[in-house]
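When a ligand or atom number is given, it counts from 1 through the structure's own listing order. We're numbering straight along the sequence, starting at 1. Note that the structure is predicted; figures quoted are calculated from it, not measured.
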Amino acid sequence: MAKARKSAANGNGKTPAKKAVGKPVIYVLNGPNLNMLGLRQPEIYGRATLADVEKLCARAGDRLGLTIDFRQSNLEGELVTWIQQARTKAAGIVLNAGAYTHTSVALLDALNAAEKPCVEVHLSNIHRRENFRHHSYISLAAVGMIAGFGPKGYVLALEALADIV
Ligand code: CA2
């Protein structure tokens, strides 16, 4: 991490996103169908399962001094709720919103309201795929986007966030 951490005591009774002692929490959020990773379409998404990706993230978190909170949901509203929680519970967000990337104004609004740095991740290079995958609502709120590097993209995203949070 780039900077020494300051006390985040805020006196309002809420859990601070960053504590003076302890590691910053990063929410790693995964959207619809990513629970199928490694089980179908290996030619597009590879053979690693989502559990493998979670282990990669945990290992990267240990190395970078981050606490990883890794989650997946097929429900847009649940992802919105988690992004809202990130406002008080996390220092940053890694988000692979799956197909909601290309459709969800609700996720974009939640990210803008959360006011936490978000790195967008895609396993595949969405710009080499169908036109409808070329537009991302998430990118409008993200610090940056990593696409096309498979599970390693999550590690790259955590490395980028470690320099920011
Ligand atoms: O490349 C990515 O990470 C995507 O976010 C994956 C989404 C897709 O809709 C986006 O355009 C790009 C799809 C996730 C579904 O993952 C599956 C994995 C294995 C089998 C079936 C679906």
| note | protein heavy-atom neighbour closest to atom 3 (O) of ligand 1 works out as Leu123 N, 2.7 Å

| task | Answer side chain, backbone, both or neither: which part of Asn96 comes under 4.0 Å from ligand 1, heavy atoms only. | result | side chain

| field | Glu120 and Ser136 side chains, donor-acceptor separation under 3.5 Å | value | yes

| Near Ile126, which atoms of ligand 1 are under 4.0 Å from a heavy atom of that residue? | 12 (C)

| request: Quick one: look up the protein heavy atom nearest atom 4 (C) of ligand 1 and list residue, atom name and how far away it is. | output: His122 ND1, 3.7 Å

| query | Nearest protein heavy-atom contact for atom 8 (C) of ligand 1: which residue, which atom, what distance? | reply | Arg133 NH1, 3.3 Å

| Which residue and non-hydrogen atom of the protein lie closest to atom 18 (C) of ligand 1, and at what distance in Å? | Tyr45 CD1, 3.4 Å

| message | Rounded to the nearest 0.5 Å, what separates atom CG in Leu140 from atom SG in Cys118? | response | 11.5 Å

| CD1 of Ile83 to CG of Leu111: how many Å apart, nearest 0.5 Å? | 4.0 Å

| What do the steps show when you test Tyr27 against Gln85 for side-chain contact (heavy atoms from CB on, under 4.5 Å), and what is the final call? | CA-CA 10 Å; Tyr27 277 12; Gln85 284 173 3; 3.8 Å; yes

| Is there any salt bridge (charged side-chain N to carboxylate O under 4.0 Å, His left out) pair reaching into residues 50-69, and which pairs are they, with sequence neighbours excluded? | Arg63-Glu159, Asp69-Arg71

| query | Do any nitrogen or oxygen atoms of Arg129 come within less than 3.5 Å of a nitrogen or oxygen of ligand 1? | reply | no

| Short list, please: which atoms of ligand 1 are under 4.0 Å from a heavy atom of Ala99? | 9 (O)

| request: Spell out, as yes or no, whether a donor-acceptor pair under 3.5 Å connects the side chain of Ser104 to the backbone of Thr101. | output: no

| task | Would you check whether Thr101 has a nitrogen or oxygen atom less than 3.5 angstrom from a nitrogen or oxygen atom of ligand 1? | result | no

| query | In the protein, what heavy atom is nearest to atom 19 (C) of ligand 1, and what distance, to one decimal place, separates them? | reply | Arg40 O, 3.2 Å

| query | Does the ring centre of His127 sit less than 6.0 Å away from the ring centre of His134? | reply | yes

| query | Which residue owns the protein heavy atom closest to atom 1 (O) of ligand 1, what's the atom, and how far is it? | reply | Ser124 OG, 2.5 Å

| field | Residues that Glu115 engages under salt bridge (charged side-chain N to carboxylate O under 4.0 Å, His left out), provided they are two or more places apart | value | Arg87

| field | Minimum-distance protein heavy atom relative to atom 17 (C) of ligand 1 | value | Asn33 O, 3.5 Å

| Val121, portion touching ligand 1 at heavy-atom distance under 4.0 Å | neither

| said: Show the atoms of ligand 1 that are less than 4.0 angstrom away from any heavy atom in His102. | reply: 10 (C), 11 (O)

| Looking at CD1 of Ile146 and OH of Tyr154, how far apart are the two atoms once the value is rounded to the nearest 0.5 Å? | 11.0 Å

| request: Please identify which atoms of ligand 1 are closer than 4.0 Å to at least one heavy atom of Met36. | output: 19 (C), 20 (C), 21 (C)

| task | Please determine, by modelled atom types, if Tyr45 and Asn33 share a side-chain donor-acceptor pair under 3.5 angstrom. | result | no

| task | Provide, to 0.1 Å, the distance between atom 21 (C) of ligand 1 and the closest protein heavy atom, together with that atom's residue and name. | result | Gln41 OE1, 3.3 Å

